[in-house]
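As structure tokens, the structure follows; a few thoughts come after it.
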Number of protein chains: 2
Amino acid sequence: MPRAATTSDTFNAIAEPQRRGILELLKNGERPVLELAKELGIPQPSASKHLRVLREVQLVQVREVGKQRLYGLDARGLQPIHEWVGGFAEFWNESFDRLNTYVQELKSESQKENPDDN
Amino acid sequence: MPRAATTSDTFNAIAEPQRRGILELLKNGERPVLELAKELGIPQPSASKHLRVLREVQLVQVREVGKQRLYGLDARGLQPIHEWVGGFAEFWNESFDRLNTYVQELKSESQKENPDDN
DNA sequence: CCATCATATTCCCATATGGGAATACGTCAA
DNA sequence: TTGACGTATTCCCATATGGGAATATGATGG
């Protein structure tokens with residue numbers, strides 16, 4: 001079995017830096033493709049491709065206005081991710097404490113083995 | 001310029017389903033590789049590879065105990081992600097309202113153009 | 001209809017990647 | 001040291017992808 005398809009998965013969509021950049025720009029409101037491309041310093045085709053992915057996972061919404069297509073943010077798809085990641089919140093500090101304890105243990109052992117240190 | 005390297009990026013690390021599975025299993029405490037592999041139903045080499053990625057982005061920490069290597073969760077790297085995603089929280093409900101409003105507008109226009117509908 | 005502007009697609013290329021299989025390493029017990 | 005067990009690596013393959021260039025599509029103004 002080859003690589004598992006990660007596209008069409010929101011986690012994968014936001015794994016791309018440029019796409020995250022697009023989402024951030026859209027916080028300021030709807031924007032046409034060319035403007036997004038310029039602000040990100042990437043060619044228009046690239047922007048369109050990234051927008052397509054974001055559209056597929058429904059993180060953006062399009063609206064046609066004349067020859068332009070205004071892309072707008074639809075952040076609802078980010079909530080599940082926020083919740084998933086938030087499920088680890090209780091471990092953030094704990095992780096630190098645990099590592100800290102571990103370091104202390106190492107120091108103690110080090111003291112026993114090399115009383116001269118420090 | 002070819003594909004941009006997304007590895008060694010936490011966002012990319014958690015974009016892989018199996019890796020997310022590993023992180024969840026580790027919530028219950030340290031686990032040796034083989035056990036993680038079995039619980040996920042994947043071969044040991046696969047588990048080792050995913051663990052390597054998680055190690056590179058420092059989402060897990062290893063501890064050698066005999067011939068085993070106990071992997072433990074180090075969730076600190078998830079906090080930045082939680083914050084980034086959380087930066088869109090104010091748009092979750094707003095996105096819904098905005099779309100809802102948009103749908104209402106469409107309905108209204110539809111009414112004008114096709115009074116017979118409905 | 002024609003020219004132009006704004007976008008989306010398609011082709012091609014180089015590379016990152018996940019999975020499978022085989023194998024190399026490291027550690028421990030006998 | 002040898003054998004067994006637990007892990008990590010390496011090789012190979014098929015595919016997903018991002019970027020660049022060129023081109024197709026769509027809509028608008030003459």
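Residue numbers begin at 1 in each chain, while the letters A, B, ... track the order of the sequences. Worth knowing before you read on, the calculation uses all heavy atoms, side chains too, and leaves out hydrogens, waters and symmetry mates.
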Do [X] and [Y] come within less than 4.5 Å of each other through their side chains, counting heavy atoms only?
X	Y	result
B:Y71	B:Q61	no
A:L23	A:V60	yes
A:E35	A:P32	yes

**OP:** Sort out for me which residue in B:F88, B:W92, B:F91, B:W84 forms a ring pair (Phe, Tyr, Trp, His ring centres under 6.0 Å) with A:H82.
**Re:**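 It is B:W92; the other options fail the test.
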
Find the distance [X]:[atom1] to [N]:[atom2] and express it as a whole number of Å.
X	N	atom1	atom2	result
A:E56	D:dG18	CD	P	11 Å
A:H50	C:dT7	NE2	P	16 Å
A:L51	D:dG19	CG	P	12 Å
A:E30	C:dA6	CD	P	17 Å
B:D9	D:dG18	CG	C1'	15 Å
A:N12	D:dT15	CG	P	18 Å
B:E35	D:dC5	CD	C1'	15 Å
A:L40	D:dG18	CG	P	14 Å

Original post:
Looking across every strand, which nucleic acid part, if any, lies under 4.0 Å from A:Q44 by heavy atom: base, sugar-phosphate, or nothing?
Top reply: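 It contacts base atoms.
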
Original post:
Among B:L73, B:L70, B:V65, which residue meets the side chain to side chain contact (heavy atoms under 4.5 Å, CB included) test with B:E30?
Top reply: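 When B:L73, B:L70, B:V65 are each tested with B:E30, the side chain to side chain contact (heavy atoms under 4.5 Å, CB included) holds only for B:L70.
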
From the options [options], select the nucleotide whose nearest atom is closest to the side chain of [X].
X	options	value
B:K49	D:dT7, D:dT9, C:dA6	D:dT9
A:R52	C:dT9, D:dT7, C:dG19	C:dT9
A:Y71	C:dA8, D:dG6, C:dT7	C:dA8
A:E16	D:dG18, C:dA6, C:dA8	D:dG18
B:R69	D:dA8, C:dG20, C:dA8	D:dA8

Subject >> Side-chain donor/acceptor contact of A:K67 with base of D:dG29 under 3.5 Å >> reply: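 Answer no: no donor N or O sits under 3.5 Å from an acceptor.
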
Original post:
Closest nucleotide of DNA chain D for B:L34 versus for A:P45: which of these residues is on the 5' side?
Top reply: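 Upstream on the strand: B:L34.
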
